[in-house]
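In what follows, every chain begins at residue 1, and chains take the letters A, B, ... in the order their sequences are listed. Below, each value reflects all heavy atoms present in this structure, side chains not excepted, and no hydrogens, waters or symmetry copies.
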Amino acid sequence: MPERGHFHLRGLRRSSLTPRVRFAPSPTGYFHVGSARTSLFNWLYARQHGGTFVLRIEDTDAERGREEWLEGIITAMAWLGLEADEGPFRQSSFEPRHRELADKLYESGYLYACDCTRDAIDERTKDRKTPGYDGYCRDRGVARSATTGLRFRTPDAGETVVHDIIRGDVSFPHEAMEDFMAVKSSGAPLFPLANMIDDREMEISHVIRGEDLLPTAPKQILMWQALNEIDRDLPLPSYAHLPMLVNEQRKKLSKRKDPVAVESYRDKGYLPQAFVNYLALLGWAPKGDEEMLTLDQLVEQFELSDVNHAPAFFDIAKMTHINGEYIRAMDVDEFIAASQPWMEPLADAWAPADHEIPWTPEQFDEDKWRAIAPMVQERITMLSEIPAMVDFLFLENPRFDEAAVTKVLVNDADAERILEQAIAAFTDAEFQAEALHGLLTSLSESMDLKLRKTQAPIRVALTGSSVGPPLFESMVILGRDEVLRRLNAALVVARG
RNA sequence: GGUCCCAUCGUCUAGCGGCCUAGGACGCCUCCCUUUCAAGGAGGUAGCACGGGUUCAAAUCCCGUUGGGACUGCCA
């Protein structure tokens, strides 16, 4: 069923309404979670309608665009599974066309030259109720020069209506619309113009972007219509403005204060499927009660017109929970493969940033890791948590948690006899989890202690921590000799 | 200040006039399971911002108020 907004495409010669959408990020050094969501929604829309997903990098800000950042965007999108059908195109490469059309708009009178400085405008308008450009140069006939920008002559009356697939019709009265700057004094168009020209040239049918761009939509529509008069006559795209992603203060996510880099979530060990799944749940919800959805299911169920209007809080706690679910849902081999970058990163493969591995490559033991992996899998929510949980298997000596040592080895009067008896019992025990379990259980009974009490000093002695994977399984993986050696070392500590 | 957007549990949301005694999920709390921690199981906590209409009937429609937010640059 065609949703609201599709009527714009009536009479269009574009082949049978197949949509062409685009994701147009500006390169800023990392991939923003908001961009990821916008990208995802565009991709989903294209996929479910058999359309085309175009990637266009808006790199016209000379100071900002850096070569390696393009790679960052593509890498992050590939990680999320959002490959573009066309592109990446660089907006900067279309600048000749931008200038050509800007000139045409100027020659046709849609744009006029303005030599006002910001200070002069502010000075003139400081006492007015309505700040913004006052139209000073509108009819002054200022000659275009290297110091004049070009402003768009907005209509005096009437209004421009943005037909938004998500929000319905949004009207902007021209009366309140200033003659905005469209072309820099350098002759290069500003974002609203350049962005719109590219959408025309690429015959984009649906502009799906953040709500922060809703106020620029009427400007772009006005200029689009102007170009329809003097250049090609092209149908307006449909618009869909996605609600903002906000922080706990309900403000737009800030690159300064909020953790917005997609790369950092990858580094922490969020799985792309989980990340995408969570992103899809921000501003949209599936029909049923099941919210764990694969990319394929999202393509099937996603509905752009059902997207919410209100801003959504980017809740890392919920995303982390979903990530844990995905981790537990993997089979062990998948889990081991996925965790490799955090365990034994390959020399020329991707490795997480800010991640320290406590053991050396020589100390790492693949067999031990495989043996304990299933138990680790159901205890973590992020892959980066793994090393701290298994390092005792690979290190010469466990990294001791001082608080735990003090509590269960030093300050606990029972620690000494528990360790002594455990050593005696384990020395010629069958080293198998069930057997060890039974052995310590009966040993506890003979000492009139709870098993939870007797396992504590042993756990700290072997792993350095009072929390961790199941103890008896860990003992088997560690082996009798090592278990006895560590218990004896702990006994020395317990005896003070 | 101006223009625009928005408003259901703390959070993400379902709900599109009667099925709502407002459903699910995260979080939080309790209990069960249990060798720690998790996981899992069973419960619980908590919401229609407010005020007017319209209607036999409103979380759902309309208006207003309040409260959030975005934009307001020769950045994109």
Trainee: Does A:Arg250 contact B:U11 through a side-chain donor or acceptor facing the base, at a distance under 3.5 Å?
Mentor: no
Trainee: In Watson-Crick or G-U wobble terms, both distances under 3.5 Å, what is the partner of B:G10?
Mentor: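 Across any shown strand, B:G10 pairs with B:C26.
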Trainee: Give a yes/no answer on whether the side chain of A:His309 brings an N or O atom under 4.0 Å of OP1 or OP2 in B:C5.
Mentor: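 So the side chain of A:His309 is outside the cut-off, no N or O lying under 4.0 Å from OP1 or OP2 of B:C5.
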Trainee: Would you mind classifying the nucleic acid contact of A:Ser444 as base, sugar-phosphate or nothing, using non-hydrogen atoms under 4.0 angstrom?
Mentor: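 Answer is nothing: A:Ser444 stays at 4.0 Å or more from every strand.
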Trainee: Checking base pairs now: Watson-Crick or wobble, both atom distances under 3.5 Å. What partners B:U34?
Mentor: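 Result: none.
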Trainee: CG of A:Leu193 to CG of A:Leu111: how many Å apart, nearest 0.5 Å?
Mentor: 6.5 Å
Trainee: So, is A:Lys252 near the phosphate of B:C71, with a side-chain N or O under 4.0 Å from OP1 or OP2?
Mentor: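 Checking B:C71 against A:Lys252, a side-chain N or O does come within under 4.0 Å of OP1 or OP2.
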Trainee: Taking only the side-chain heavy atoms of A:Glu211 (C-beta and beyond), determine which of B:U13, B:C5, B:U11 contains the nearest atom.
Mentor: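 That would be B:C5.
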Trainee: Among B:C75, B:G24, B:A70, find the nucleotide with the atom closest to the side chain of A:Asp289.
Mentor: B:G24
Trainee: It should be established whether A:Arg167 places a side-chain nitrogen or oxygen under 4.0 Å from OP1 or OP2 of nucleotide B:C4.
Mentor: no
Trainee: Hunt down the Watson-Crick or G-U wobble partner of B:C61, both distances under 3.5 Å, from any strand shown, or write none.
Mentor: B:G53
Trainee: Out of B:A76, B:U11, B:A38, which has the shortest distance to the side chain of A:Arg379?
Mentor: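 For the A:Arg379 side chain, the nearest candidate turns out to be B:A38.
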Trainee: Closest-nucleotide mapping onto RNA chain B: is A:Pro25 or A:Asp212 further toward the 5' terminus? I mean the 5' end.
Mentor: A:Asp212
Trainee: Roughly, in whole Å, what's the span from CD in A:Glu378 to P in B:A39?
Mentor: 10 Å
Trainee: Using the 3.5 Å cut-off, write out each protein N or O paired with an N or O of nucleotides 48-51 of chain B and the distance between them.
Mentor:
none

Trainee: Please check if the number of heavy atoms outside A:Asp331 that lie under 6.0 Å from its CG is greater than 12.
Mentor: yes
Trainee: Is the shortest side-chain N/O distance from A:Lys184 to OP1 or OP2 of B:C75 below 4.0 Å?
Mentor: yes
Trainee: Give A:Lys251 one of three labels, base, sugar-phosphate or nothing, depending on what nucleic acid heavy atoms sit under 4.0 Å from its own.
Mentor: sugar-phosphate
Trainee: Aromatic contact between A:Phe314 and A:Tyr278, with the criterion being ring centroids under 6.0 Å apart: yes or no?
Mentor: yes
Trainee: Nearest of B:G73, B:A39, B:C37 to any side-chain atom of A:Arg118?
Mentor: B:G73
Trainee: Looking for any heavy atom pair under 4.0 Å, which part of the strands does A:Asn195 touch: base, sugar-phosphate only, or nothing?
Mentor: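 Nothing, no nucleic acid heavy atom in range.
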Trainee: Would you indicate which nucleotide in B:C6, B:U36, B:A76 comes nearest to any side-chain atom of A:Pro311?
Mentor: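 The nucleotide sitting nearest to the side chain is B:C6.
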Trainee: Under 4.0 angstrom, heavy atoms only, what part of the nucleic acid is A:Phe172 near: base, sugar-phosphate, or nothing?
Mentor: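 Contact class for A:Phe172: sugar-phosphate only.
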Trainee: Heavy atoms under 4.0 Å, any strand shown: does A:Gly210 hit a base, just sugar-phosphate, or nothing?
Mentor: nothing
Trainee: So what does A:Ala456 touch, heavy atoms closer than 4.0 Å: a base, only the sugar-phosphate, or nothing?
Mentor: nothing
Trainee: Assign A:Thr147 to base, sugar-phosphate, or nothing according to its heavy-atom contacts below 4.0 angstrom with the strands shown.
Mentor: base
Trainee: With a cut-off of less than 4.0 Å, is there a side-chain N or O of A:Asn308 near OP1 or OP2 of B:A14?
Mentor: yes
Trainee: Both distances under 3.5 Å, Watson-Crick or G-U wobble: report the partner of B:U3, or none.
Mentor: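 Answer to the pairing question: B:A70, which forms a Watson-Crick or G-U pair with B:U3.
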Trainee: Just to be sure I understand the rule, does A:Leu451 reach a base, reach only the sugar-phosphate, or reach nothing, if contact means heavy atoms closer than 4.0 Å?
Mentor: sugar-phosphate
Trainee: Could you tell me whether A:Pro469 contacts a base, only the sugar-phosphate backbone, or nothing, with contacts defined as non-hydrogen atoms closer than 4.0 Å?
Mentor: base
Trainee: Looking at A:Ser466, does any N or O in its side chain come under 4.0 Å of the phosphate oxygens OP1/OP2 on B:U36?
Mentor: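 No.
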Trainee: When all nucleic acid strands are considered with a 4.0 Å heavy-atom cut-off, which category describes A:Glu473: base, sugar-phosphate, or nothing?
Mentor: base
Trainee: Please name the nucleotide paired to B:U21 by Watson-Crick or G-U wobble geometry with both distances under 3.5 Å, or report none.
Mentor: none
Trainee: Which part of the nucleic acid, if any, lies within reach of A:His321 when heavy atoms closer than 4.0 Å are counted: base, sugar-phosphate only, or nothing?
Mentor: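 Sugar-phosphate contact only - A:His321 comes under 4.0 Å of backbone atoms but never of a base.
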Trainee: Starting at the 5' end of RNA chain B and moving along, which residue's nearest nucleotide shows up first, A:Arg459 or A:Ala285?
Mentor: A:Ala285
